[in-house]
2 protein chains.
Amino acid sequence: MRYIQKGEYGVPPSTSIDENDPLFVQAIARAMQVLSTFHDASKPLTLNEIAAAGGMGKSAAQRVVHTLRQLGYVQRDADDRGYVPGIRILDHTRDYLRLNPLVARASPVLMELRRSVRERVDLSLRDGLRLIYAARLQSKRETFFATLVGQSVPIYCTSGGRAMMAHMSDDEVDEIIERSERREITPKTITDPQAIRAKVQEARENGYALALEEVLQGEIAIATALLSPEGRPLGAIHIAGSLSEWDAESFCRRFAPLAGEAAGVINRF
Amino acid sequence: MRYIQKGEYGVPPSTSIDENDPLFVQAIARAMQVLSTFHDASKPLTLNEIAAAGGMGKSAAQRVVHTLRQLGYVQRDADDRGYVPGIRILDHTRDYLRLNPLVARASPVLMELRRSVRERVDLSLRDGLRLIYAARLQSKRETFFATLVGQSVPIYCTSGGRAMMAHMSDDEVDEIIERSERREITPKTITDPQAIRAKVQEARENGYALALEEVLQGEIAIATALLSPEGRPLGAIHIAGSLSEWDAESFCRRFAPLAGEAAGVINRF
DNA sequence: ACGAAAGTATCGTACAGCGATACTTGGTCC
DNA sequence: GGACCAAGTATCGCTGTACGATACTTTCGT
């Protein structure tokens with residue numbers, strides 16, 4: 001089981017808002033830009049790398065990095081080889097999770113679900129064309145990097161994404177499919193629009209969505225959507241297991257009812 | 001079991017660096033300041049609240065919030081009642097965890113440890129006078145908010161903190177004790193400097209540290225330190241259980257060797 | 001010992017961001 | 001239901017912040 005790396009896909013491409021909005025403080029955008037440089041990094045970065053990646057001059061990168069460093073959002077690498085994200089980021093992680101009402105509502109139910117299901121249980125939230133994992137309750141045999149908070153996956157080829165699409169209009173579904181950069185993350189990833197629509201329809205009929213090895217080899221996942229009071233899908237809960245232990249049919253028979261029940265509890269407050 | 005709330009203690013008080021450093025970009029500091037406002041919030045904030053808390057004018061808050069919103073680091077609350085942190089924060093969480101070598105090294109060992117220990121296992125990292133949880137492998141019966149990534153606790157009164165202090169010089173220990181704002185988080189919290197030093201000494205002798213209900217009622221925790229190659233303590237691993245299921249002695253006898261072994265593996269690469 | 005690359009410091013100028021103020025919207029109280 | 005209050009949005013001229021070019025120092029690798 002090798003997991004996809006990087007933030008390659010999904011992270012909205014510096015969402016091209018900017019222009020000449022008089023309220024927009026570009027120094028802040030630069031700062032976030034610098035922090036986002038690390039999305040595609042697999043090692044500490046030098047000032048010049050940061051400057052180049054962010055399309056800014058060395059001086060600008062210097063000032064931004066300097067400032068972020070003072071504040072604890074960027075640190076020198078342990079071996080003094082370059083810059084890495086700083087620990088202060090985690091404070092904001094906590095704030096985000098605490099103050100997100102869906103996370104707050106869903107979490108106890110998720111913990112409960114994890115008790116009856118000895119597999120990995122996840123909570124993911126939508127951000128544009130992707131899902132971001134906000135809570136992950138690991139099973140025994142997982143590698144850590146496959147279960148990071150903040151990990152994101154595309155909507156079009158994941159169980160959670162399809163569970164959400166099942167609650168959208170056909171137009172919305174089509175728009176997501178169109179705008180997604182559909183890549184074969186694994187050989188099993190479904191990228192054909194027609195086939196995706198079929199899987200969504202299947203999810204509508206079953207009340208849960210299924211994905212087999214579409215993001216991670218050997219992984220089976222089912223999901224159900226979490227809805228706003230008005231019925232709009234906001235995220236999903238996932239149950240994920242290994243195909244070395246389960247076949248698809250028995251996995252679904254065993255866990256789909258539990259996932260459905262959990263989502264039901266969360267959705268009705 | 002009620003957990004302490006807020007970021008009340010611990011978060012370095014906007015670490016009074018600033019002055020007239022010519023490289024310091026204050027617009028960035030303002031942005032982070034705004035995001036940090038949420039550390040003490042338990043509900044969505046209005047613009048005026050943000051402005052007031054950050055000691056800046058309404059206009060400034062407006063611009064900063066506007067910009068952060070465009071970028072996805074701040075969102076409107078679901079009910080449009082105020083502002084909350086935005087989901088983009090989680091992307092940086094992932095980067096931090098991925099790029100932190102200690103987290104990377106420790107995680108597989110932690111997962112392994114969790115397998116043999118049916119209690120909660122945590123990895124925490126030092127930031128000044130506090131420890132921040134970077135990875136948390138829950139046990140069955142935990143409440144979600146007690147196990148958030150990004151949660152922080154003081155060094156002086158936690159098992160992890162004492163495990164780290166056990167690897168510092170007496171001077172360093174004293175400095176931490178002195179500079180810490182020592183509050184009785186629970187009735188059992190040890191705040192007396194002399195008593196803390198004794199606990200540190202005890203940890204030095206045992207090779208692990210112990211804390212009983214000092215942060216969370218009913219909780220027992222032991223910890224061992226994680227060290228840099230040079231021997232400086234960088235963080236700790238914790239095993240936490242409930243006093244309704246264990247007495248201190250049997251908890252230590254059972255888990256201290258496992259915690260020690262795990263830390264040993266991590267520390268020798 | 002040398003050269004290259006990374007990080008740090010300096011400085012005059014222009015325009016980005018400043019803050020005061022005024023306008024719009026929406027919710028609440030009597 | 002109308003009046004009020006607070007929240008959010010928009011505008012504008014001035015000033016001081018942040019800009020980028022450049023030069024200096026330090027740390028590597030060979």
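These numbers were taken from a predicted model, which means no experiment stands behind them. Residue numbers start from 1 in every chain, and the chains themselves are labelled A, B, ... in the order their sequence lines are given, proteins ahead of strands.
- Note: CG (A:Asn48) to P (C:dA6) measures 5 Å, nearest angstrom.
- Protein atom CZ of A:Arg81 is 15 Å distant from nucleotide atom C1' of C:dG7, rounded to whole Å.
- Counting heavy atoms from C-beta on, the side chains of A:Tyr133 and A:His238 come closer than 4.5 Å.
- Heavy-atom contacts from other residues, nucleotides or ligands closer than 6.0 Å to CZ of B:Arg76 number more than 12.
- Contact annotation: B:Arg76 reaches the phosphate of D:dG8 (side-chain N/O to OP1 or OP2, under 4.0 Å).
- Between B:Asp91 and B:Arg88 there is a salt bridge, with a side-chain nitrogen of the basic residue lying less than 4.0 Å from a carboxylate oxygen of the acidic one.
- Between the C1' atom of C:dT8 and the CZ atom of A:Arg69 lies a distance of 11 Å, rounded to the nearest Å.
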Exercise. Reading nucleotides 9-17 of chain C 5' to 3', which nucleotides get B (base under 4.0 Å from a protein heavy atom), which S (sugar-phosphate only), which -?
Worked result: B-------S

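- Atoms CG (A:Leu47) and P (D:dT25) sit 19 Å apart, rounded to a whole Å.
- Taking both residues in full, the closest heavy atoms of B:Ala134 and B:Val103 are given as CB-CG2, 4.2 Å, listed atom of the first, atom of the second, then distance.
- B:Arg130 and B:Ser152 are linked by a side-chain donor-acceptor pair at a separation below 3.5 angstrom, with hydrogens and angles left out of the test.
- Distance alone, capped at 3.5 Å, places no donor-acceptor pair between the A:Arg179 side chain and the A:Glu181 backbone.
- The number of heavy-atom neighbours closer than 6.0 Å to CZ of A:Arg204, taken from other residues, nucleotides and ligands shown, is above 12.
- B:His39 and A:Asp95 are linked by a side-chain donor-acceptor pair at a separation below 3.5 angstrom, with hydrogens and angles left out of the test.
- End-to-end axis angle for the helix from C:dA1-D:dT30 to C:dC30-D:dG1, using five pairs per end and rounding to 10°, comes out at 60°.
- With rounding to whole Å, A:Leu45 atom CG is found 18 Å from C:dA5 atom P.
- One can place CD1 of B:Ile50 at 18 Å from P of D:dA6, the figure rounded to the nearest angstrom.
- B:His92 and A:Tyr96 have their aromatic ring centers separated by at least 6.0 angstrom.
- Mapping A:Ala60 and B:Glu49 onto DNA chain D by nearest heavy atom places B:Glu49 closer to the 5' end of the strand.
- Each of B:Lys58 and B:Asp80 has a nearest nucleotide on DNA chain C; the 5'-most of these lies closest to B:Lys58.
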